Amino acid sequence: MNWLSKQASDTQITHGQRMWLYFLAAVIMFLLVFPTLIVIPMSFSDSQYLEFPPEKWSIRWYEEYWETPRWINATITSLQVAFFTMLLATPIGTMAAYGLFVSGSKLGRYVFFLLMTPMIIPVILIAIGTFYVFGKVGVVNSIPGLVLAHTVLAVPIVMIIMTSALRTYDLNQELVARSLGASRIRAFFSITLPQIKFSIIISALFAFLTSFDEVIISIFLSGGGNSTLTKQMFNALRDYIDPTIAAISTLMIILSTTLMLGAQYLGKQD
Amino acid sequence: MNEKLLKSAERKEQLLLTALTIPALISVTLIIVIPVGWLFSLSFLGKSGDFSLENYQKMIVYKSYFRVFKTTFNVSFLTTIFCILLGYPLAYFLSQVPKKLVGIFMITVLLPFWTSLLVRTYAWLVLLQKKGMINNFAIDMGIWETPIKLAHNLNGTLVGMIHIMLPFMVLPLYAAMQRIDRQTMQAASNLGASPIQAFWQIFVPLSLPGVAAGSLIVFILCLGFYVTPAVLGGGKVIMVSMQITAILEDQFNWGAASALGVVLLVTTFIFLLLASRFLKLDSIMFGKH
Amino acid sequence: MKQNITSLEISIKDLTKRYGKIYALDTVSLDIKAGEFLTLLGPSGSGKTTLLMAIAGFNRPDSGSIKFANQEMILTPPHKREVGMVFQNYALFPHMSVFENIGFPLKLRKAPNDQIKEKVHDALKTVQLSDYANRKIDQLSGGQRQRVALARAFVFGPRILLMDEPLSALDKKLREQMQIELKQLHRKLGVTTVYVTHDQREALTMSDRIAVINEGKIEQLGTPKEIYNSPNSSFVADFIGESSFLQLNRKGDDLYFSSEKIITNKKLNKNKEWAMVIRPERLSIVNKSYRKNSSNIHFSGEISELVFQGETALALVKLMEGNFLSVRLSTKSSDDFNNLKTGNKIQLCMNRKDVIIIPH
């Protein structure tokens, strides 16, 4: 049977009549992905201008990255900050999401809204505000200060993922477990936790990525030996187009793609 | 009677559940409430250190502030419009594709969504530069003859911002379109609507909450944008966030920077409040995933 | 194999639960006998599930008392109440096998492994799922899941079994089969069972007693026969079984419908309006040879609708007085239904003993 004349919608439109939509969607999807992915082959260009397709292939920008202590140190700092942010934000966000979801009190709605504000408030405000306060306390340019700030940005993301996981989860199971003799805590750990564990891992991945990719707060709160990778990249970008960044960008794309695809895969398991 | 005992047992249980949010509340207090509150009070301090409105008065008096606000609104508005124009067909396509294939096409939205904003801004910088791919391509095709300056101006900034914000539009739009009961379209057909009539009179109105939610998210996030205009604007596109940093870097004037930040924050909340009158806030927050 | 479970009586007193201004439970008092099968029957939102959840300990009332065998339980957390519970959607643990699901309460009680094995297999045998121990939950049909949920709820020997519309997700045939199986299981276990349903037929089929609940109050408590034959309010009469209502006029101590005297009762409250409830199957159509007599009540009217329903048929009769009555008819070929047509004028009679009078 000819695919083009098959029904494609609830209103008996055929695929043939929908070609324009498929074409338009393909163009938009191309525009979404292309600028992200084109960086990858470009990073292997030998030229300063990163032309595409490269006239001559080379890994000189990767060598440049690897041999510059400034870049490597920044990478290590970013990984550290992201790791600790993940360790903090995942349990904090999961606990808050669970508590608010189960209690269902009126006050809970306001608490939820308050905890979501970091997603809405312009980040520049958080950046200069914490910069000012941390300056008073003397924790600017320290990793713990940055971790705390990134944790607050990541908690809403963890909460959104965990709340939607709890929505699809049948909380009656916890009630049953309790009627069968399990305490509230026991019911959570033996019944609920095993069923939402993948969502917890997914939110941990996204907490990590949120911190690793964050720019503005890092610009203000990190510095000296503790500059993050994004801060170094931003500074380098403002002056001229440093081709080394193409290599770093490629590495970052690979990191986020791996984490995202991993999350997608895990999402199907829960 | 046992009313008091029952009440205290109920309160204890509620307290226990609320206690789970305490670590989150403490961190939000440390990172959001105290710093933003501090900025708020700083904005009302004059040069002399006393209470004064001079930081706010400056904004009305100086033309440069007006220009910054105008640019910010302009860029945010244009980005939102283009995101609707590009996001609607894509979300519609995704909502019509068989369930099995959605995951694959969705990757094209999620991949940029989760790719560092800095990386994507950099990618556009490379593509749009004078010897960049787009200029080369256009010259090879004979569209224009000499390299054109594509980055470091308003257009470059817009291109980058639209690309970065598009997933924020597509995801809530797709979620809203998914919620539309397919039978309403069949019913419309059955009642005699042509496919085009059914689309415009049934599907589009039902998807409007998604458009509103997506637009709100895009617009609000644009208002506070910093990285993309700073890199792709080449100093010609000054948005509020950049002005705040500039004031701090050049004049070290915390009062003025704070006042500008407060105005930005209040503007954001006004739009949020306006939107919450006809949108459920929950659906906006959860629209993101 | 009779499992020796000592069942408990439940004594509920003045239980009240408010949500804002709405009373989900309004000073409810109810005594459930040991070993009894009691059904809480009511429309959705009537408070029946709230009451069940209060007995289980998941819903904390504002005031009142719940005693199991004279022991106050109202402040006891659910996991210490030793109450088995079956939920509407079964709430089986999908990450555990059938065996692990049923063994879960035993494991919590630190039973040794061989004892767990024995008890789970006994329970599986009781619910006729002996071969399914190692299945995953998503490999089971709806009816099988129902049985696993049931086995899990009684395997640890609870003294009370609570069920919240456990059959509502099953199709009609399976539901009717499970009703009988549940009844048999109850007889075998002898455990006090509180069963929530909104299906009046299910309640009539299964219960020792029924508590009809409406707007947070118990409207009537009694055996299925009592509830059906002598409802004490129009709500109960309307909710359970089919019925037609006829408004009655009072003259002194007598109640009349039109010119027919229905009942004489000196104790009738003179300040209330009274109505007569008529069950469709209690009416019969009179044939020509019939003679009116004082042990029956008579109506005459015209058939306005005839509906064939399979095992029986229903006639809607418009009385001369303008009211409508439903009449249940046999569908045997020799009987009324096949000889009647809409528009036929007919006479109806019913035994005076079947008359139900309720305040209206």
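Since this is a predicted model, take the numbers as computed values, not measurements. By convention in this document, chain letters (A, B, ...) are assigned in the order of the sequence lines, proteins followed by strands, and residues within each chain are numbered from 1.
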Is there a side chain to side chain contact (heavy atoms under 4.5 Å, CB included) between A/Ile191 and C/His95 once you walk through the steps? CA-CA 8 Å; A/Ile191 303 300; C/His95 61 304; 4.2 Å; yes
Applying side chain to side chain contact (heavy atoms under 4.5 Å, CB included) to A/Arg186 and C/Leu108, what does each step give before you reach the verdict? CA-CA 9 Å; A/Arg186 180 92 191 246; C/Leu108 287 171; 3.4 Å; yes
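To the nearest 0.5 Å, atoms NZ (C/Lys80) and OG (A/Ser179) are separated by 15.0 Å. Interatomic distance, CD of A/Glu174 versus CZ of C/Phe93, reported as 9.5 Å (0.5 Å rounding).
C/Phe104 places a side-chain heavy atom less than 4.5 Å from the side chain of A/Ser190. Contact of the C/Met96 side chain with the A/Pro194 side chain is not registered, since no non-hydrogen atoms from C-beta on lie closer than 4.5 Å.
Residues of residues 32-58 of chain C having a heavy atom under 4.5 Å from any heavy atom of chain A, listed by number: C/Met53, C/Phe58.
Counting non-hydrogen atoms of neighbouring residues, nucleotides and ligands closer than 6.0 angstrom, the CG atom of C/Leu75 exceeds 12 such neighbours. Remark: C/Glu215 CD is loosely packed, at most 12 non-hydrogen atoms of other residues, nucleotides or ligands lying under 6.0 Å away. The local environment of NZ in C/Lys183 is crowded, with over 12 non-hydrogen atoms from other residues, nucleotides or ligands closer than 6.0 Å. More than 12 heavy atoms of other shown residues, nucleotides or ligands fall within 6.0 angstrom of atom OH in A/Tyr22. Shown here is A/Phe83, whose CZ atom has no more than 12 heavy atoms of other residues, nucleotides or ligands within 6.0 Å.
There is no contact between A/Ala187 and chain C, counting heavy-atom distances below 4.5 Å. Contacts of C/Leu92 with chain A are made by backbone atoms alone, with heavy-atom separations under 4.5 Å and no side-chain atom involved. Only the side chain of A/Asp170 comes within less than 4.5 Å of a heavy atom of chain C; its backbone N, CA, C and O stay farther away. Heavy atoms of C/Arg109 lying under 4.5 Å from chain A belong exclusively to its side chain.
Of all the listed residues (C/Ala153, C/Ala149, C/Ala91), the one sharing the greatest number of non-hydrogen pairs under 4.5 Å with chain A is C/Ala91.
Between C/His79 and A/Ala182, the shortest heavy-atom contact is CB-O, 3.0 Å.
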